[in-house]
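The structure under discussion appears below in the form of C-alpha coordinates.
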2 protein chains.
Amino acid sequence: MNLFYSVNINESKSKIILSDDENRHLIKVLRKSEGEKITITDGLGYVYNCQIINIFKKQTELKVINYKLVYSNKPKLRIGISMLKKADRFEWFLEKATEIGVCEITPIISQYSEKKKLNMERSNKIMISAIKQSVRFYLPKLNNPINFNQFINESSYEKNNFLATCKNDDLKLFQNSIKKSQDINILIGPEGGFSKSEIDLAKKTNFTPVSLAENRLRTETAGVVSCMIFSFINN
Amino acid sequence: MNLFYSVNINESKSKIILSDDENRHLIKVLRKSEGEKITITDGLGYVYNCQIINIFKKQTELKVINYKLVYSNKPKLRIGISMLKKADRFEWFLEKATEIGVCEITPIISQYSEKKKLNMERSNKIMISAIKQSVRFYLPKLNNPINFNQFINESSYEKNNFLATCKNDDLKLFQNSIKKSQDINILIGPEGGFSKSEIDLAKKTNFTPVSLAENRLRTETAGVVSCMIFSFINN
(Lines give C-alpha, C1' and ligand atoms only; values in the text may rest on other atoms or scores of the structure.)
Protein backbone atom coordinates (compact mmCIF):
# COMPACT_ATOMS: atom_id res chain seq x y z
CA MET A 1 0.00 0.00 0.00
CA ASN A 2 1.32 3.43 -0.97
CA LEU A 3 0.23 6.04 1.52
CA PHE A 4 0.37 9.77 0.74
CA TYR A 5 0.34 12.72 3.10
CA SER A 6 -1.44 16.02 2.81
CA VAL A 7 -2.69 18.74 5.09
CA ASN A 8 -4.31 20.60 2.19
CA ILE A 9 -7.85 19.34 2.58
CA ASN A 10 -10.85 21.52 1.88
CA GLU A 11 -13.40 22.21 4.57
CA SER A 12 -16.05 19.87 3.26
CA LYS A 13 -13.40 17.11 3.05
CA SER A 14 -14.31 16.58 -0.58
CA LYS A 15 -11.09 17.81 -2.23
CA ILE A 16 -7.38 17.36 -1.48
CA ILE A 17 -4.39 19.11 -3.02
CA LEU A 18 -1.06 17.26 -3.11
CA SER A 19 1.90 19.50 -3.58
CA ASP A 20 5.71 19.50 -3.73
CA ASP A 21 7.36 16.28 -2.55
CA GLU A 22 4.16 14.28 -2.52
CA ASN A 23 3.34 15.36 -6.04
CA ARG A 24 6.80 14.38 -7.25
CA HIS A 25 6.46 10.99 -5.58
CA LEU A 26 3.08 10.46 -7.24
CA ILE A 27 4.19 11.42 -10.75
CA LYS A 28 7.89 10.54 -10.96
CA VAL A 29 8.20 7.49 -8.71
CA LEU A 30 4.81 5.80 -8.88
CA ARG A 31 3.85 7.20 -12.30
CA LYS A 32 0.20 7.56 -11.37
CA SER A 33 -2.23 9.09 -13.86
CA GLU A 34 -5.60 10.81 -13.84
CA GLY A 35 -8.48 8.56 -12.81
CA GLU A 36 -6.35 6.31 -10.58
CA LYS A 37 -7.11 5.89 -6.88
CA ILE A 38 -4.75 6.54 -3.98
CA THR A 39 -4.89 6.67 -0.16
CA ILE A 40 -3.96 9.79 1.78
CA THR A 41 -3.57 10.62 5.46
CA ASP A 42 -3.48 14.02 7.13
CA GLY A 43 -1.32 12.64 9.98
CA LEU A 44 -4.16 13.42 12.39
CA GLY A 45 -5.78 10.00 12.14
CA TYR A 46 -7.90 10.60 9.01
CA VAL A 47 -7.55 8.33 5.99
CA TYR A 48 -8.95 9.41 2.63
CA ASN A 49 -9.61 7.23 -0.39
CA CYS A 50 -9.26 9.53 -3.36
CA GLN A 51 -9.38 9.64 -7.11
CA ILE A 52 -6.88 11.70 -9.11
CA ILE A 53 -8.70 14.47 -10.98
CA ASN A 54 -5.94 16.70 -12.34
CA ILE A 55 -2.18 16.25 -12.36
CA PHE A 56 -0.17 19.42 -12.84
CA LYS A 57 3.59 19.86 -12.65
CA LYS A 58 3.50 21.39 -9.19
CA GLN A 59 0.34 19.93 -7.69
CA THR A 60 -2.28 17.22 -7.97
CA GLU A 61 -5.99 17.68 -7.33
CA LEU A 62 -7.94 14.77 -5.89
CA LYS A 63 -11.60 14.07 -5.26
CA VAL A 64 -12.34 12.40 -1.92
CA ILE A 65 -14.38 9.22 -2.47
CA ASN A 66 -14.72 8.46 1.23
CA TYR A 67 -12.84 9.00 4.45
CA LYS A 68 -12.67 7.66 7.99
CA LEU A 69 -11.05 8.55 11.28
CA VAL A 70 -8.82 5.74 12.52
CA TYR A 71 -9.36 6.19 16.21
CA SER A 72 -6.40 5.40 18.45
CA ASN A 73 -6.85 4.58 22.10
CA LYS A 74 -3.20 3.64 22.55
CA PRO A 75 -1.30 5.24 25.42
CA LYS A 76 1.09 8.08 24.62
CA LEU A 77 4.87 8.02 24.74
CA ARG A 78 6.57 11.41 24.93
CA ILE A 79 10.34 11.52 24.55
CA GLY A 80 12.63 14.37 25.53
CA ILE A 81 15.98 13.62 23.89
CA SER A 82 19.23 15.51 23.94
CA MET A 83 20.29 17.23 20.73
CA LEU A 84 23.19 15.45 19.01
CA LYS A 85 26.28 16.83 17.33
CA LYS A 86 25.80 14.60 14.29
CA ALA A 87 22.59 15.51 12.46
CA ASP A 88 22.36 12.12 10.72
CA ARG A 89 22.18 10.28 14.04
CA PHE A 90 19.39 12.55 15.30
CA GLU A 91 17.52 12.19 12.01
CA TRP A 92 17.88 8.44 12.20
CA PHE A 93 16.26 8.58 15.65
CA LEU A 94 13.37 10.67 14.27
CA GLU A 95 12.76 8.17 11.47
CA LYS A 96 12.94 5.04 13.62
CA ALA A 97 10.97 6.43 16.56
CA THR A 98 8.20 7.43 14.13
CA GLU A 99 8.29 4.03 12.47
CA ILE A 100 8.16 2.09 15.76
CA GLY A 101 5.73 4.49 17.42
CA VAL A 102 5.98 7.67 19.48
CA CYS A 103 3.51 10.44 20.23
CA GLU A 104 5.69 13.49 20.85
CA ILE A 105 9.38 14.31 20.58
CA THR A 106 11.07 17.24 22.28
CA PRO A 107 14.73 17.91 21.45
CA ILE A 108 16.47 18.84 24.69
CA ILE A 109 19.35 21.22 25.32
CA SER A 110 21.03 19.93 28.47
CA GLN A 111 24.33 20.84 30.07
CA TYR A 112 26.38 18.40 27.96
CA SER A 113 24.33 18.68 24.75
CA GLU A 114 26.57 19.46 21.81
CA LYS A 115 24.04 21.27 19.64
CA LYS A 116 21.22 23.74 20.11
CA LYS A 117 19.50 24.08 16.74
CA LEU A 118 17.43 21.70 14.67
CA ASN A 119 16.29 22.03 11.07
CA MET A 120 12.58 21.66 11.82
CA GLU A 121 11.43 21.55 8.20
CA ARG A 122 13.85 18.77 7.29
CA SER A 123 13.03 16.88 10.50
CA ASN A 124 9.31 17.02 9.80
CA LYS A 125 9.87 15.75 6.27
CA ILE A 126 11.75 12.73 7.65
CA MET A 127 8.90 11.97 10.03
CA ILE A 128 6.26 12.35 7.28
CA SER A 129 8.24 9.98 5.12
CA ALA A 130 8.37 7.51 8.03
CA ILE A 131 4.60 7.50 8.64
CA LYS A 132 4.03 6.89 4.93
CA GLN A 133 6.57 4.07 4.89
CA SER A 134 5.16 2.38 7.97
CA VAL A 135 1.51 3.11 7.10
CA ARG A 136 0.73 5.13 10.19
CA PHE A 137 -2.05 7.72 10.29
CA TYR A 138 -0.75 9.83 13.17
CA LEU A 139 2.27 12.09 12.66
CA PRO A 140 4.18 12.47 15.94
CA LYS A 141 4.43 16.04 17.23
CA LEU A 142 7.93 17.45 16.99
CA ASN A 143 8.51 20.37 19.35
CA ASN A 144 11.15 23.07 19.06
CA PRO A 145 14.28 22.39 21.14
CA ILE A 146 13.93 23.50 24.77
CA ASN A 147 16.18 23.55 27.80
CA PHE A 148 16.39 20.62 30.20
CA ASN A 149 14.87 22.64 33.06
CA GLN A 150 11.91 23.71 30.95
CA PHE A 151 11.13 20.12 30.00
CA ILE A 152 11.39 19.01 33.62
CA ASN A 153 9.13 21.83 34.81
CA GLU A 154 6.52 21.26 32.11
CA SER A 155 6.33 17.53 32.91
CA SER A 156 6.38 17.93 36.68
CA TYR A 157 2.60 17.67 37.05
CA GLU A 158 2.48 14.45 34.98
CA LYS A 159 2.60 10.88 36.26
CA ASN A 160 5.13 8.31 34.99
CA ASN A 161 8.15 10.51 34.30
CA PHE A 162 11.41 8.66 33.74
CA LEU A 163 15.02 9.69 33.30
CA ALA A 164 17.17 7.20 31.36
CA THR A 165 20.66 6.94 32.78
CA CYS A 166 23.55 4.53 32.47
CA LYS A 167 23.33 1.10 34.07
CA ASN A 168 23.73 1.19 37.79
CA ASP A 169 23.03 -1.79 40.00
CA ASP A 170 20.53 0.16 42.07
CA LEU A 171 18.47 1.13 39.05
CA LYS A 172 15.40 -0.69 37.87
CA LEU A 173 15.13 -1.45 34.15
CA PHE A 174 12.67 0.78 32.26
CA GLN A 175 10.91 -2.34 30.95
CA ASN A 176 10.15 -3.39 34.54
CA SER A 177 9.08 0.11 35.61
CA ILE A 178 6.17 0.74 33.26
CA LYS A 179 2.76 -0.85 32.91
CA LYS A 180 0.48 -1.42 29.95
CA SER A 181 -1.88 1.43 28.97
CA GLN A 182 0.01 4.16 30.86
CA ASP A 183 1.10 7.42 29.24
CA ILE A 184 4.85 7.77 29.73
CA ASN A 185 7.40 10.62 29.56
CA ILE A 186 11.03 9.66 29.20
CA LEU A 187 14.11 11.86 29.07
CA ILE A 188 17.23 10.66 27.23
CA GLY A 189 20.59 12.32 27.87
CA PRO A 190 23.54 13.24 25.61
CA GLU A 191 26.66 11.07 25.11
CA GLY A 192 28.18 12.50 28.27
CA GLY A 193 25.01 11.78 30.26
CA PHE A 194 23.18 14.24 32.45
CA SER A 195 25.09 16.36 34.95
CA LYS A 196 24.73 15.64 38.65
CA SER A 197 22.70 18.81 39.18
CA GLU A 198 20.36 17.84 36.33
CA ILE A 199 19.81 14.37 37.80
CA ASP A 200 19.16 15.91 41.24
CA LEU A 201 16.64 18.37 39.80
CA ALA A 202 14.85 15.60 37.87
CA LYS A 203 14.62 13.40 40.95
CA LYS A 204 13.19 16.30 42.98
CA THR A 205 10.68 17.02 40.22
CA ASN A 206 8.88 13.73 39.99
CA PHE A 207 11.24 11.90 37.58
CA THR A 208 12.38 8.33 38.34
CA PRO A 209 15.85 7.31 37.09
CA VAL A 210 15.80 4.04 35.14
CA SER A 211 18.17 2.03 33.01
CA LEU A 212 17.25 1.01 29.45
CA ALA A 213 19.70 -1.84 29.02
CA GLU A 214 22.57 -3.64 30.69
CA ASN A 215 25.19 -2.12 28.43
CA ARG A 216 25.86 1.45 27.35
CA LEU A 217 23.70 2.79 24.51
CA ARG A 218 24.27 5.75 22.24
CA THR A 219 21.73 8.55 22.69
CA GLU A 220 19.84 7.82 19.48
CA THR A 221 19.80 4.07 20.23
CA ALA A 222 18.47 4.76 23.73
CA GLY A 223 15.66 6.82 22.17
CA VAL A 224 14.67 4.04 19.81
CA VAL A 225 15.00 1.36 22.50
CA SER A 226 12.59 3.29 24.72
CA CYS A 227 10.02 3.39 21.87
CA MET A 228 10.47 -0.32 21.35
CA ILE A 229 10.04 -1.18 25.04
CA PHE A 230 6.91 0.99 25.21
CA SER A 231 5.52 -0.67 22.09
CA PHE A 232 6.38 -4.13 23.43
CA ILE A 233 4.61 -3.52 26.74
CA ASN A 234 1.52 -2.17 24.96
CA ASN A 235 1.27 -4.81 22.22
CA MET B 1 35.19 3.75 30.11
CA ASN B 2 37.13 3.69 26.84
CA LEU B 3 37.37 0.17 25.48
CA PHE B 4 39.87 -0.80 22.78
CA TYR B 5 39.88 -3.77 20.45
CA SER B 6 42.73 -5.97 19.35
CA VAL B 7 43.21 -9.47 18.01
CA ASN B 8 47.01 -9.11 18.08
CA ILE B 9 47.70 -10.79 21.39
CA ASN B 10 50.78 -12.91 21.95
CA GLU B 11 50.48 -16.54 22.96
CA SER B 12 51.33 -16.05 26.60
CA LYS B 13 48.75 -13.26 26.76
CA SER B 14 51.40 -10.92 28.15
CA LYS B 15 51.70 -8.50 25.20
CA ILE B 16 49.19 -6.78 22.91
CA ILE B 17 49.83 -4.79 19.74
CA LEU B 18 47.33 -2.07 18.80
CA SER B 19 47.49 -1.08 15.19
CA ASP B 20 45.82 1.14 12.57
CA ASP B 21 42.47 2.61 13.63
CA GLU B 22 42.85 1.68 17.27
CA ASN B 23 46.26 3.28 17.42
CA ARG B 24 44.95 6.48 15.86
CA HIS B 25 42.10 6.56 18.34
CA LEU B 26 44.53 6.09 21.23
CA ILE B 27 46.96 8.79 20.14
CA LYS B 28 44.92 11.38 18.26
CA VAL B 29 41.54 11.28 19.98
CA LEU B 30 42.32 10.24 23.55
CA ARG B 31 45.91 11.54 23.56
CA LYS B 32 47.17 8.69 25.72
CA SER B 33 50.86 8.46 26.53
CA GLU B 34 53.36 5.83 27.63
CA GLY B 35 52.77 4.46 31.13
CA GLU B 36 48.98 5.04 31.05
CA LYS B 37 46.54 2.17 31.50
CA ILE B 38 43.78 1.12 29.11
CA THR B 39 41.27 -1.73 28.72
CA ILE B 40 41.20 -3.94 25.64
CA THR B 41 38.92 -6.70 24.40
CA ASP B 42 39.57 -9.31 21.73
CA GLY B 43 35.85 -9.55 20.95
CA LEU B 44 35.94 -13.19 22.09
CA GLY B 45 34.99 -12.45 25.69
CA TYR B 46 38.46 -11.64 27.05
CA VAL B 47 39.15 -8.31 28.75
CA TYR B 48 42.74 -7.15 29.27
CA ASN B 49 43.95 -4.43 31.60
CA CYS B 50 47.11 -3.11 30.00
CA GLN B 51 49.81 -0.54 30.39
CA ILE B 52 51.17 1.37 27.41
CA ILE B 53 54.84 0.50 26.86
CA ASN B 54 55.71 2.04 23.49
CA ILE B 55 53.73 4.34 21.22
CA PHE B 56 54.85 4.44 17.60
CA LYS B 57 53.20 6.21 14.71
CA LYS B 58 51.67 3.04 13.30
CA GLN B 59 51.29 0.82 16.37
CA THR B 60 51.24 0.73 20.16
CA GLU B 61 52.77 -1.96 22.30
CA LEU B 62 51.11 -2.83 25.60
CA LYS B 63 51.99 -5.01 28.54
CA VAL B 64 49.10 -7.08 29.92
CA ILE B 65 48.69 -6.44 33.67
CA ASN B 66 45.87 -8.94 34.06
CA TYR B 67 43.05 -10.42 32.07
CA LYS B 68 39.79 -12.27 32.54
CA LEU B 69 37.24 -14.11 30.47
CA VAL B 70 33.79 -12.53 30.79
CA TYR B 71 31.73 -15.65 30.47
CA SER B 72 28.36 -15.26 28.77
CA ASN B 73 25.59 -17.77 29.30
CA LYS B 74 23.08 -15.67 27.40
CA PRO B 75 21.09 -17.34 24.65
CA LYS B 76 22.09 -16.68 21.05
CA LEU B 77 20.23 -14.67 18.46
CA ARG B 78 21.16 -15.34 14.84
CA ILE B 79 19.72 -13.03 12.19
CA GLY B 80 19.55 -13.69 8.47
CA ILE B 81 18.71 -10.36 6.86
CA SER B 82 18.19 -9.41 3.25
CA MET B 83 20.86 -7.27 1.62
CA LEU B 84 19.72 -3.67 1.06
CA LYS B 85 20.20 -1.36 -1.89
CA LYS B 86 21.30 1.50 0.35
CA ALA B 87 24.57 0.64 2.11
CA ASP B 88 24.01 3.21 4.88
CA ARG B 89 20.79 1.53 5.99
CA PHE B 90 22.46 -1.87 6.15
CA GLU B 91 25.42 -0.41 8.04
CA TRP B 92 23.06 1.26 10.42
CA PHE B 93 21.51 -2.14 11.10
CA LEU B 94 24.95 -3.67 11.75
CA GLU B 95 25.80 -0.92 14.25
CA LYS B 96 22.52 -1.00 16.15
CA ALA B 97 22.18 -4.80 16.22
CA THR B 98 25.70 -5.02 17.67
CA GLU B 99 24.93 -2.31 20.22
CA ILE B 100 21.66 -3.91 21.36
CA GLY B 101 22.94 -7.46 21.16
CA VAL B 102 23.14 -10.16 18.48
CA CYS B 103 25.32 -13.26 18.14
CA GLU B 104 25.53 -13.81 14.38
CA ILE B 105 24.46 -11.93 11.27
CA THR B 106 24.11 -13.48 7.83
CA PRO B 107 23.34 -11.16 4.90
CA ILE B 108 20.79 -12.91 2.69
CA ILE B 109 20.31 -12.79 -1.06
CA SER B 110 16.65 -13.56 -1.62
CA GLN B 111 14.49 -13.28 -4.69
CA TYR B 112 13.65 -9.61 -4.16
CA SER B 113 16.99 -8.54 -2.60
CA GLU B 114 18.40 -5.55 -4.40
CA LYS B 115 22.09 -6.17 -3.74
CA LYS B 116 24.44 -9.12 -3.61
CA LYS B 117 27.75 -7.82 -2.31
CA LEU B 118 28.85 -6.45 1.03
CA ASN B 119 32.05 -4.65 1.95
CA MET B 120 33.06 -7.07 4.69
CA GLU B 121 36.04 -5.07 5.96
CA ARG B 122 34.01 -1.89 6.36
CA SER B 123 31.13 -3.82 7.94
CA ASN B 124 33.43 -5.44 10.49
CA LYS B 125 34.91 -2.05 11.38
CA ILE B 126 31.42 -0.71 12.09
CA MET B 127 30.69 -3.65 14.37
CA ILE B 128 34.02 -3.31 16.20
CA SER B 129 33.29 0.35 16.76
CA ALA B 130 29.85 -0.59 18.13
CA ILE B 131 31.18 -3.12 20.69
CA LYS B 132 33.69 -0.51 21.89
CA GLN B 133 30.97 2.12 22.15
CA SER B 134 28.58 -0.13 24.04
CA VAL B 135 31.29 -1.82 26.12
CA ARG B 136 30.62 -5.35 24.88
CA PHE B 137 33.27 -8.07 24.93
CA TYR B 138 31.83 -10.30 22.23
CA LEU B 139 32.03 -9.25 18.58
CA PRO B 140 29.09 -10.70 16.66
CA LYS B 141 30.03 -13.02 13.80
CA LEU B 142 29.34 -11.53 10.39
CA ASN B 143 29.04 -14.16 7.66
CA ASN B 144 29.50 -13.65 3.94
CA PRO B 145 26.22 -13.11 2.06
CA ILE B 146 24.49 -16.37 1.13
CA ASN B 147 21.37 -17.34 -0.77
CA PHE B 148 17.99 -17.67 0.93
CA ASN B 149 17.84 -21.41 0.25
CA GLN B 150 21.27 -22.00 1.75
CA PHE B 151 20.31 -20.19 4.96
CA ILE B 152 17.08 -22.17 5.20
CA ASN B 153 18.87 -25.49 4.64
CA GLU B 154 21.65 -24.74 7.12
CA SER B 155 19.12 -23.80 9.82
CA SER B 156 16.71 -26.64 9.11
CA TYR B 157 18.08 -28.87 11.87
CA GLU B 158 17.79 -26.08 14.49
CA LYS B 159 14.89 -25.38 16.81
CA ASN B 160 13.18 -21.98 17.04
CA ASN B 161 13.46 -20.76 13.44
CA PHE B 162 11.29 -17.78 12.56
CA LEU B 163 10.48 -15.91 9.38
CA ALA B 164 9.44 -12.28 9.86
CA THR B 165 6.68 -11.26 7.50
CA CYS B 166 4.21 -8.42 7.27
CA LYS B 167 1.33 -8.20 9.72
CA ASN B 168 -1.39 -10.66 8.99
CA ASP B 169 -4.23 -11.36 11.37
CA ASP B 170 -3.40 -15.07 11.49
CA LEU B 171 0.18 -14.45 12.53
CA LYS B 172 1.43 -14.50 16.07
CA LEU B 173 3.70 -11.68 17.17
CA PHE B 174 7.40 -12.63 17.47
CA GLN B 175 7.38 -11.32 21.05
CA ASN B 176 4.69 -13.86 21.96
CA SER B 177 6.39 -16.71 20.10
CA ILE B 178 9.72 -16.92 21.89
CA LYS B 179 10.67 -17.83 25.43
CA LYS B 180 13.47 -16.73 27.72
CA SER B 181 16.82 -18.56 27.41
CA GLN B 182 16.13 -20.05 23.98
CA ASP B 183 18.54 -19.70 21.04
CA ILE B 184 16.64 -18.14 18.14
CA ASN B 185 17.14 -17.84 14.35
CA ILE B 186 15.17 -15.16 12.57
CA LEU B 187 15.02 -14.33 8.90
CA ILE B 188 14.17 -10.79 7.77
CA GLY B 189 13.08 -10.10 4.20
CA PRO B 190 13.77 -7.26 1.75
CA GLU B 191 11.47 -4.25 1.17
CA GLY B 192 9.34 -6.28 -1.23
CA GLY B 193 9.06 -9.13 1.30
CA PHE B 194 9.75 -12.78 0.57
CA SER B 195 8.29 -14.42 -2.52
CA LYS B 196 5.50 -16.95 -2.13
CA SER B 197 7.83 -19.82 -3.05
CA GLU B 198 10.37 -18.66 -0.45
CA ILE B 199 7.70 -18.52 2.26
CA ASP B 200 6.47 -21.98 1.26
CA LEU B 201 9.99 -23.41 1.38
CA ALA B 202 10.66 -21.83 4.79
CA LYS B 203 7.41 -23.21 6.22
CA LYS B 204 8.26 -26.69 4.93
CA THR B 205 11.75 -26.43 6.43
CA ASN B 206 10.95 -25.82 10.07
CA PHE B 207 10.49 -22.00 9.98
CA THR B 208 7.49 -20.39 11.67
CA PRO B 209 6.17 -17.15 10.12
CA VAL B 210 5.73 -14.38 12.69
CA SER B 211 4.99 -10.67 12.70
CA LEU B 212 7.33 -8.21 14.43
CA ALA B 213 4.90 -5.32 14.83
CA GLU B 214 1.41 -4.17 13.95
CA ASN B 215 2.60 -1.78 11.28
CA ARG B 216 4.99 -2.16 8.38
CA LEU B 217 8.69 -1.89 9.21
CA ARG B 218 11.64 -1.23 6.92
CA THR B 219 14.06 -4.17 6.62
CA GLU B 220 16.76 -2.59 8.78
CA THR B 221 14.19 -1.53 11.40
CA ALA B 222 12.78 -5.06 11.48
CA GLY B 223 16.30 -6.38 12.11
CA VAL B 224 16.86 -4.03 15.02
CA VAL B 225 13.38 -4.60 16.43
CA SER B 226 14.03 -8.36 16.51
CA CYS B 227 17.24 -7.75 18.51
CA MET B 228 15.33 -5.54 20.94
CA ILE B 229 12.53 -8.06 21.43
CA PHE B 230 15.07 -10.83 22.02
CA SER B 231 16.95 -8.66 24.49
CA PHE B 232 13.71 -7.65 26.23
CA ILE B 233 12.60 -11.26 26.68
CA ASN B 234 16.01 -12.26 28.03
CA ASN B 235 16.56 -9.32 30.39
Side-chain angles (χ1 to χ4, degrees), chain A residues 1-3 41 70 72 74 86 88-89 91-102 126 129-138 166-167 172-178 191 193 210-235, chain B residues 1-3 41 70 72 74 86 88-89 91-102 126 129-138 166-167 172-178 191 193 210-235:
Chain A
M1 179 190 184
N2 291 306
L3 183 67
T41 182
V70 179
S72 167
K74 292 216 165 176
K86 291 192 178 173
D88 61 342
R89 291 193 174 268
E91 289 174 358
W92 169 81
F93 160 73
L94 294 175
E95 178 182 300
K96 297 310 170 199
T98 305
E99 216 178 310
I100 294 164
V102 66
I126 288 166
S129 172
I131 61 164
K132 289 170 61 185
Q133 169 66 33
S134 54
V135 192
R136 289 187 170 274
F137 309 124
Y138 285 87
C166 280
K167 181 64 186 162
K172 222 172 153 178
L173 281 170
F174 179 57
Q175 70 182 57
N176 299 331
S177 307
I178 64 173
E191 296 294 298
V210 285
S211 170
L212 286 168
E214 285 192 356
N215 63 304
R216 190 165 67 185
L217 299 176
R218 282 181 181 274
T219 299
E220 75 277 11
T221 316
V224 171
V225 164
S226 63
C227 294
M228 192 55 231
I229 292 173
F230 184 79
S231 154
F232 186 102
I233 297 278
N234 287 291
N235 248 345
Chain B
M1 178 191 186
N2 290 306
L3 183 66
T41 183
V70 179
S72 167
K74 292 216 165 174
K86 292 193 177 172
D88 62 341
R89 291 193 174 268
E91 289 174 358
W92 170 81
F93 160 73
L94 293 175
E95 177 182 302
K96 296 310 173 200
T98 305
E99 215 179 311
I100 294 162
V102 67
I126 289 167
S129 171
I131 62 164
K132 290 169 60 184
Q133 169 67 33
S134 55
V135 193
R136 288 186 170 273
F137 308 125
Y138 286 87
C166 278
K167 180 65 187 160
K172 222 170 153 178
L173 280 170
F174 179 57
Q175 69 182 56
N176 298 331
S177 306
I178 63 173
E191 296 294 298
V210 285
S211 170
L212 286 167
E214 285 192 355
N215 62 304
R216 190 165 67 185
L217 300 176
R218 281 181 182 274
T219 298
E220 75 277 12
T221 316
V224 171
V225 163
S226 63
C227 295
M228 288 184 194
I229 291 173
F230 184 78
S231 154
F232 186 102
I233 296 279
N234 287 291
N235 248 344

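Here the structure is a predicted model, which is why all the values come from computation and not from measurement. Each chain gets a letter, A, B and so on, in the order the sequences are listed, and its residues count up from 1.
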Looking only at Asn235(B), Asp88(B), Asn176(B), Val135(B), the option with the highest number of non-hydrogen pairs under 4.5 Å against chain A is Asn235(B)

CD of Glu95(B) to CZ of Arg89(A), rounded to nearest 0.5 Å, is 4.0 Å

CD1 of Ile131(B) to CG of Asn215(A), rounded to nearest 0.5 Å, is 11.5 Å

Check residues 221-233 of chain B and write down every donor-acceptor pair under 3.5 Å in which the side-chain atom is one partner and the other belongs to a residue at least two apart or another chain.
residue   : atom : partner   : partner atom : Å
Thr221(B) : OG1  : Lys96(A)  : NZ           : 2.8
Thr221(B) : OG1  : Glu99(A)  : OE1          : 3.1
Thr221(B) : OG1  : Glu99(A)  : OE2          : 2.7
Ser226(B) : OG   : Ala222(B) : O            : 3.4
Ser226(B) : OG   : Gly223(B) : O            : 2.7

Applying a strict 4.5 Å limit to non-hydrogen atoms, the region of Arg136(A) in contact with chain B is side chain

